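Here the structure comes first, spelled out in structure tokens, and everything after it is commentary.
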There are 2 protein chains.
Amino acid sequence: MRKRPVSLKTLAQALSVSMSTVSRALRNHPDISPELTRKVQLLAQELQYSPNPLAMGLLRSQTYTIGVIVPDLVTHFFASIISGIERVANEHGYHIVIRSSYESYQKEKECLADLLKLRVDGIIMCLAQETQEYAHFDALLDAEVPLVFFDRVCRATEVATVVVDNQEAARRITRHFFEGGYRRIAHIAGPASLNITQERIEGYQQALAACGLPFEESLLVHCDLSIASATAATQRLLALPNRPDAIFGVNDTTAFAAMKELKRQGLRIPQDVALVGFTDEFHATVVEPTLTSVMHPTVEIGQEAALLFLEQARAATHPAPRQTILTTQLVVRDSSAPKPA
Amino acid sequence: MRKRPVSLKTLAQALSVSMSTVSRALRNHPDISPELTRKVQLLAQELQYSPNPLAMGLLRSQTYTIGVIVPDLVTHFFASIISGIERVANEHGYHIVIRSSYESYQKEKECLADLLKLRVDGIIMCLAQETQEYAHFDALLDAEVPLVFFDRVCRATEVATVVVDNQEAARRITRHFFEGGYRRIAHIAGPASLNITQERIEGYQQALAACGLPFEESLLVHCDLSIASATAATQRLLALPNRPDAIFGVNDTTAFAAMKELKRQGLRIPQDVALVGFTDEFHATVVEPTLTSVMHPTVEIGQEAALLFLEQARAATHPAPRQTILTTQLVVRDSSAPKPA
DNA sequence: AAGCTTTGCGCAAAGCTTTGCGGAATTATA
DNA sequence: TATAATTCCGCAAAGCTTTGCGCAAAGCTT
């Protein structure tokens, strides 16, 4: 049995006063005499008193705790978003408790339920890939529990969200290829259900049109974001009678899987096929050739999400859901060097 | 103002019975009549009652919450350890609240203090790189708060720890080089203060001796685990009058920085200089040449740490600290192919 | 000196749960 | 039928904190 930490009662008994007096003294209430106040604060300091958050939580219905649900804890993308959330949460006195949905709809519901049972003050999350029904958020919305989605979102009119401008990013990539002299630009997209997939496809198509290139069905392939599936998608593209001269992968895993497959088939990058991915700095610079990629402002996504939470948590009345759109950055490296004339 | 969730009081009032009766009914206490029990449970179900963990925490002095402190949230190594912790913690009804020490001693103390104020049931952590004093753990030890260190440890006789067999791993790498025909084997080590650094150096030296190779001071260089510092360390090695033909980097960042620097200087891997790192699968397979490396059982480290916590949390009396040593795996890839005769 | 205002502190309730004990009503016993 | 034994439920305390209200003692006024 661990001994209980010092409480108001400990202090009160030690000083032979009531708990209310101790409580007031600690908060410098004018009702308490200066000498007593000093004595109390001194003892509190000495005994390292710190108010019990459980009692405070009970009183105020506030735990200063944010539930964070991500599809996956290991991926650099999510890890650094969590890092961003953690930083601003801590700066504002909040703790974060983390759960992974493992991209599963069932697990996502479980996590949500568990965190609510824990009485978190709000939820910051990214939808699981499987999730197509959104009824499990009704309870939160009804209870006006602060909720923030990032990256993968739904019900954007009801929930605060932070996303990146996927269309713009996809347009920029496509244009970048075009300007480099590439004309058969393929796109390995993600699952059709994800909003990020749709937006990037739209941007891709918009840019093709703007560049005067036709949209060829066969140059748009889907994968489920796994390595195997991305590899298969690449193979489908390369098996085309008229294969693409540029590939734009929808994310990290996809881009690297594509790169490996290209190398395996003896194709040179970018001479035979140029490549661009959505990925993060460390990976992109370590491969050969270095990978041109759209960098997500991951830490900022997390920070912004936490700020949106705080905004809701502090508001007296439930504020209108705000949408934050962050811009990405296209970092040009070797894998998309201009085509030699 | 969010409305309060349903409590025993809600149910009690709805059924015109006392809260104690509701409480007993929910736990199938024999004192309560079967019909009433049924009615109570039905209503509880319907209203989605779930006991308030704050009240329970107050009562039992238990929050079912584990504080996790890592030096860095973004690194794959820590991210996947967290993933392991999360999994077994959740399986056993615990939540984890995460903090990053940013490798800072000051921050580490802050995190520790904050988590204790939060009344976590225990702490699982990895020491910050800066941390050299360990007095801030006295309070935990005195209060018998379950504490588990992983990877970087201290006070191993007092605290449960989970580590990998660094000596063995270093020996294996060195032997692997030797068997491949390499004779001037260098080691880029980490900060001398870290136990992992020391252990790997010892293993390195043991294996050199076992292979009948001399230990040359100049082939052992230190870095602080940053990219810049690892690059500089590599440069020092390559500037040697008699440069090494094999390099063994102390971790992820180091190995890749070394690889980049080797390439930059136009050296071929492994023909001119072979390379082995401590790293994780994804990175290692994506680079060119693929990197031979010692793989940490990261998820297992996390799982094992959580199990050690549970062991302490469940023990009636404070158990003797247990040391878990996990074995690593040397995955041979292209960067250390045998030297052609 | 009698009455009024301050000053300084304690009581108790609320927030939620569990649990020992007591008590009323019902049933069984003599 | 009066008494003993069940049966079934409520009171209250404990765990910790805050806060409205009350109360005693001290200070002040005239």
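This is a predicted model, so every value here is computed, not measured. All chains are named by letter (A, B, ...) in the order of the sequence lines, taking the proteins before the strands, and each is independently numbered beginning at 1.
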- prompt: Just checking B:Arg60: base, sugar-phosphate only, or nothing, at a heavy-atom cut-off of under 4.0 Å?
  reply: sugar-phosphate
query: Is the shortest side-chain N to carboxylate O distance from B:Asp114 to B:Lys109 below 4.0 Å?
result: no
- prompt: To the nearest angstrom, how far is A:Asn28 atom CG from D:dT18 atom P?
  reply: 13 Å
message: What contact category does B:Arg27 fall into here, base, sugar-phosphate, or nothing, at under 4.0 angstrom with non-hydrogen atoms?
response: sugar-phosphate
query: Is it true that A:Arg38 and A:Glu35 have a side-chain N and a carboxylate O under 4.0 angstrom from each other?
result: no
query: Is there a side-chain polar atom (N or O) of B:Tyr49 under 4.0 Å from OP1 or OP2 of C:dC16?
result: no
query: Do NZ/NE/NH1/NH2 and the carboxylate oxygens of A:Arg152 and A:Glu103 come within less than 4.0 Å?
result: yes
- request: On DNA chain C, check which nucleotide each of B:Leu26 and B:Leu58 is closest to and give me the residue with the more 5' one.
  value: B:Leu58
query: Would you say the base of C:dC9 and the side-chain of A:Ser20 have a donor-acceptor pair closer than 3.5 Å?
result: no
query: Given atom CD1 of B:Ile32 and atom P of C:dT19, what is their separation to the nearest angstrom?
result: 13 Å
task: Nearest whole angstrom, please: distance from the C1' of D:dA14 to the CE of B:Met56.
output: 13 Å
- prompt: Using purine N1 to pyrimidine N3 plus N6-O4 or O6-N4 for Watson-Crick, or N1-O2 and O6-N3 for G-U wobble, both under 3.5 Å, which nucleotide pairs with C:dT5?
  reply: D:dA26
Nearest-Å distance for atom pair CG/C1', residues A:Asn52 and C:dC16: 13 Å
field: Whole-Å distance separating the CG atom of A:Leu36 from the C1' atom of C:dT7
entry: 13 Å
- prompt: Does the pair A:Arg60/A:Asp121 count as a salt bridge with the N-to-O cut at 4.0 Å?
  reply: no
field: Shortest non-hydrogen contact between A:Leu140 and A:Leu147, atoms and distance
entry: CD1-CD1, 4.1 Å
message: With a cut-off of less than 4.0 Å, is there a side-chain N or O of B:Thr21 near OP1 or OP2 of D:dC9?
response: no
- prompt: In terms of the angle between their ring planes, are A:Tyr94 and A:Phe309 parallel, tilted or perpendicular, with boundaries placed at 30° and 60°?
  reply: perpendicular
message: Quick check: any donor-acceptor pair below 3.5 Å linking the side-chain of B:Arg119 to the base of D:dG15?
response: no
query: So which one's nearest nucleotide on DNA chain D is more toward 5', B:Leu59 or B:Val17?
result: B:Val17
Shortest side-chain distance from B:Met19, nucleotide among D:dT17, C:dT17, D:dC16: C:dT17
message: Over all strands shown, is B:Ser7 touching base, sugar-phosphate only, or nothing at heavy-atom distances under 4.0 angstrom?
response: sugar-phosphate
statement: note: B:Leu54, atom CG; D:dG15, atom C1'; distance rounded to Å ~ 12 Å
message: Between the base of C:dC9 and the side chain of A:Asp31, is one N or O donor paired with an acceptor at under 3.5 angstrom?
response: yes
Rounded distance (Å) that lies between atom P of D:dC8 and atom CG of B:Leu15: 17 Å
message: With hydrogens left out and only the distance checked, is there a donor-acceptor pair under 3.5 Å joining B:Arg24's side chain and the base of D:dG10?
response: yes
field: Integer-rounded Å distance: C:dG8 C1' and A:Arg38 CZ
entry: 17 Å
query: Among C:dC16, D:dT19, C:dT18, which nucleotide sits nearest the side chain of B:Ala55?
result: C:dC16
- prompt: Looking at B:Ser33, does any N or O in its side chain come under 4.0 Å of the phosphate oxygens OP1/OP2 on D:dC9?
  reply: yes
